[in-house]
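All values derive from a computational prediction rather than experimental measurement. In what follows, every heavy atom counts, from backbone to side chain, and hydrogens, waters and symmetry copies are set aside.
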Number of protein chains: 2
Amino acid sequence: MTHMPVAERRSRLLAAAFAVIARTGVSGATTRAIVEEAGMKLASFHYAFESREELMAELVNEVVETQEVVLEVATAADGSLVGTLEQGLLRYFDQVRQDPRRERAMFELTQYAMRSPAMEGFAARQYERYRRLAVQSLDEAATRTGHRWARPLDELAADLVALTDGITLAWLADGDDGRARRTIAFAARAIAAEASPGPERPATTAGTTRTTTRTIRTTRTIGTRGGAA
Amino acid sequence: MTHMPVAERRSRLLAAAFAVIARTGVSGATTRAIVEEAGMKLASFHYAFESREELMAELVNEVVETQEVVLEVATAADGSLVGTLEQGLLRYFDQVRQDPRRERAMFELTQYAMRSPAMEGFAARQYERYRRLAVQSLDEAATRTGHRWARPLDELAADLVALTDGITLAWLADGDDGRARRTIAFAARAIAAEASPGPERPATTAGTTRTTTRTIRTTRTIGTRGGAA
DNA sequence: ACGCAACTGGGACATCTGACCCACTTCTGA
DNA sequence: TCAGAAGTGGGTCAGATGTCCCAGTTGCGT
């Protein structure tokens, strides 16, 4: 392996580790498997990281902060809130379908962190981030379609996260697309029911189906190596 | 260790394995850790099981079939459907709170099975079982409160399972009781919204708050050793 | 009581894994 | 240019882990 600054080496190892985890699970992410994935020698691992645990901690942090969670909100054709929410959820679902192993890896990392005393709080932060993203999407969806959330957005965000988690988990288990889509429709209905037609209709040209894509973070250092199944 | 028929030994080892997994995760469930938990010697392990993998497969099957999932349906004080559903969910949540490690172990086992080619289909069966239980609860709740589900019960069951999964996962991550309860209230509302006041009012003495407890399966061979946290 | 089959105990072995070491090579700054 | 720092490679080590073996012991049917 050619020369390379430590920082670069570290991030390559992190990416490799994520790829290995996606493929074989956390337990399969041995130092040897990771360096092989990265095309390095074992010694380089311990040159870049103090220990495997240090890498795992770093990975877990990286993942929390930089893992791209695309939450796209696109106004539905009919401009309804339900439709808008459903569209958004369907897009999220497409992402999951496109690369299930990434999702699995995320779940595993979360569980791994929950067990490691050193990474206590990681899981909580992870969910907080999910909620923050959900808040933004919900906010946008309501504004876009001229609605008003009847409950604190923070609470609704938690509800939405619970739904997406449940949908994802079930789909990972049985791979039933139809069922997932039906549950998504239900989820959209359920969330939309928590809004009331509000006074804050935005200045939008009626009839125009505007499609704004919101990507919260574009950094994508992790997980780009593991292609779709 | 005293003499003991193989069958007994096997089930003790399975219980021990579940306890270890609950405490330290699947990766910590080494043959040595398991036999220590069971108070046996290592050789007894391979006398009872061909290999660790055989035990894991057996465990996974046992768990699918016998793990007690208590789904209690109690008519709410006000006899409303929402209240009834919320009560049921709160009871489920209490169970999770009482022994979070069991829930974590279940999630881990599911993920483990999803990765093992030999146990393919286990996860799907697991979710099918969850759905079956949900169907029964929903059916009962509707009958009890004189409602009618507006969609196929099977679909609603999937929605309910997704919600409980999401709620459980989030709570395991952040341990926020209040949030969990708020999401439960939302879940109850969302599910109840899928019913319409139906014609099949049961013959119940009005005003009497009957509390029927339905336990689907009482066998509880697994997981009894790991006490609450 | 007694013989045989069921069962147990302790140790052994090959492999895997995280960590480490040290001689060697490559780069960089004076 | 050239010394020292940064980085690399291959081998090694101790501990953990799954599996196996075999001499001993226990219990049951006769």
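- Residue B/R10 contributes atom CZ, which lies 12 Å from atom P of C/dC7 at whole-angstrom precision.
- Put simply, the side chain of A/R179 reaches to within 4.5 Å of the side chain of A/D174, judged on heavy atoms.
- Among all heavy-atom pairs drawn from B/A29 and B/I21, the shortest one is CB-CG1, 3.7 Å.
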query = For every nucleotide of nucleotides 10-28 of chain C, 5' to 3': is a protein heavy atom under 4.0 Å from its base (B), only from its sugar-phosphate (S), or from neither (-)?
reply = B-B----BBB-B----B--
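- The distance from atom CD of B/E54 to atom C1' of D/dT19 is 14 Å, rounded to the nearest whole Å.
- Between the side chains of A/E108 and A/Y112, no donor-acceptor pair is found at a separation under 3.5 Å.
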Could you tabulate the donor-acceptor pairs under 3.5 Å formed by side-chain atoms of residues 151-170 of chain A, not counting sequence neighbours?
unit_1 : atom_1 : unit_2 : atom_2 : d
A/R151 : NE     : A/E155 : OE1    : 3.3
A/R151 : NH1    : A/D159 : OD2    : 2.9
A/R151 : NH1    : A/E194 : OE1    : 2.8
A/R151 : NH2    : A/E155 : OE1    : 3.2
A/R151 : NH2    : A/D159 : OD2    : 3.1
A/D159 : OD1    : B/T183 : OG1    : 3.3
A/T164 : OG1    : A/L160 : O      : 3.3
A/T164 : OG1    : A/V161 : O      : 2.8
A/D165 : OD2    : A/Y127 : OH     : 2.6
A/T168 : OG1    : A/Y92  : OH     : 2.7
A/T168 : OG1    : A/T164 : O      : 2.7

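- A salt bridge does not link B/R32 with B/E36: none of the charged nitrogens is closer than 4.0 Å to a carboxylate oxygen.
- Put simply, CD on B/E36 is 14 Å from C1' on D/dT17, counting in whole angstrom units.
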